[in-house]
2 protein chains.
Amino acid sequence: MENLIEIVKGSGAKLTSPRKKVLEKLYHSELPLTLKEIHNECKDIDFASVYRTIKLFNEIGLVDEITFADKKIRYELVSNLHNHHIICSNCGEIEKVPICFVSEIKKITKYKITKHTLEFMGLCPNCQN
Amino acid sequence: MENLIEIVKGSGAKLTSPRKKVLEKLYHSELPLTLKEIHNECKDIDFASVYRTIKLFNEIGLVDEITFADKKIRYELVSNLHNHHIICSNCGEIEKVPICFVSEIKKITKYKITKHTLEFMGLCPNCQN
DNA sequence: CTGGTTGCAAACTCTTTGCAATCCT
DNA sequence: AGGATTGCAAAGAGTTTGCAACCAG
């Protein structure tokens with residue numbers, strides 16, 4: 001957490017109380033969060049500020065954007081273990097998939113890859129019946 | 001193309017002229033298209049109709065939804081060869097990635113996978129200088 | 001004919017921005 | 001102090017829906 005704060009300060013941005021609060025929510029969340037979810041957890045912060053905070057964090061390389069199959073954009077700390085996910089199309093439960101194939105792709109393309117998404121949707125064990 | 005038309009009819013939906021036109025655009029497109037792009041190519045069709053047509057096609061399993069790293073949702077015929085893509089963050093050029101790892105994932109999760117996304121963003125060879 | 005479909009308009013939802021007041025450093 | 005940041009309000013953009021007119025089967 002301390003090093004995250006350093007990253008914010010190091011970028012030249014001020015460490016304000018809204019930013020600290022958003023950072024903490026991300027830090028304590030097991031799963032990536034939507035802007036709405038972050039805002040719900042910090043109702044005293046204006047939505048626009050959450051929006052701009054996440055935008056800043058994204059620009060300074062602190063958070064990543066993830067688009068799940070439900071089309072909602074979620075955010076997670078880059079420093080959190082890099083993970084992909086499966087979301088249940090029925091109940092919305094999200095499970096991590098501890099696997100990633102970026103390195104394979106890098107071998108077969110001339111692009112310099114900077115971002116990627118690898119997300120799944122399906123039915124979780126509970127919803128298959 | 002004929003079999004696509006059969007799929008539409010077979011679903012119980014009427015084969016109207018807007019639907020035929022949208023189907024053709026998808027059929028002749030090398031790459032997945034956004035609703036806006038489809039609508040631009042068929043300006044005589046109302047946007048809402050394009051929207052509902054694609055929604056229908058998606059529901060009857062004719063088209064797939066793809067979310068690229070640019071956050072735009074694109075659509076492509078399921079019958080087109082299943083492909084993933086890289087989009088250049090600078091010029092927007094899109095390249096196909098002829099590779100997919102769904103089967104690997106199926107081995108390590110109890111979810112019944114119905115959809116997945118695997119998309120990349122980076123700099124194309126031209127934009128790396 | 002007649003229910004499904006379209007076009008139009010409007011409602012929603014989500015994202016983004018301008019600006020005056022306020023807060024870090 | 002002074003520029004960065006916030007909250008509020010509103011503008012934009014994208015998505016979705018109701019409804020009367022229209023069309024394929």
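The basis for the numbers below is simple: all heavy atoms, side chains too, and nothing from hydrogens, waters or symmetry mates. Please read these numbers as outputs of a predicted model, since none were measured by experiment. In the text below, chain A, chain B and the rest are named by the order of the sequence lines, each starting its count at 1.
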Minimum-distance nucleotide (side-chain atoms of K36(B) versus dT6(D), dG7(C), dG14(D)): dG14(D)

Distance test, side-chain N/O of Y51(B) to OP1/OP2 of dT16(D), below 4.0 Å: yes

For atom CD1 of I73(B) and atom C1' of dT15(C), their distance in whole Å: 14 Å

K55(B) side-chain N/O to dT16(D) phosphate OP1/OP2 under 4.0 Å: no

Polar side-chain contact R52(B)-dG4(C) base: donor and acceptor under 3.5 Å: no

Closest-nucleotide 5' rank along DNA chain C - winner of K71(B) and A48(B): A48(B)

Side-chain donor or acceptor of H39(B) paired with backbone N/O of D46(B) under 3.5 Å: no

With I54(A), the side chain to side chain contact (heavy atoms under 4.5 Å, CB included) member among I73(A), I38(A), T34(A): I38(A)

Rounded distance (Å) that lies between atom C1' of dT13(C) and atom NE2 of H39(A): 15 Å

I45(A) CD1 to dC8(D) P, straight-line distance once rounded to whole Å: 12 Å

Phosphate OP1/OP2 of dG3(D): any K14(A) side-chain N/O under 4.0 Å: no

Transitive ILVMFWY side-chain link L33(A) to L35(A), under 4.5 Å: yes

5'-most by nearest nucleotide on DNA chain C - F47(B) or L15(A): F47(B)

K21(A) NZ - dT5(D) P separation (whole Å): 18 Å

Salt bridge present between K71(A) and E65(B) (N-O < 4.0 angstrom): yes

Rounded distance (Å) that lies between atom P of dG4(C) and atom CD1 of I60(B): 16 Å

side-chain N/O T16(A) vs dC24(C) OP1/OP2, d < 4.0 Å: no

Protein-nucleotide distance (K20(B), atom NZ; dC23(D), atom C1'), rounded to Å: 13 Å

D46(B) CG to dC22(D) P, straight-line distance once rounded to whole Å: 15 Å

Whether T53(A) side chain and S49(A) backbone form a donor-acceptor pair below 3.5 Å: yes

Length of the line joining L35(A):CG and dT17(C):P, which is rounded to integer Å: 14 Å

Under-3.5 Å donor-acceptor pair between R19(B) side chain and dG4(C) base: no

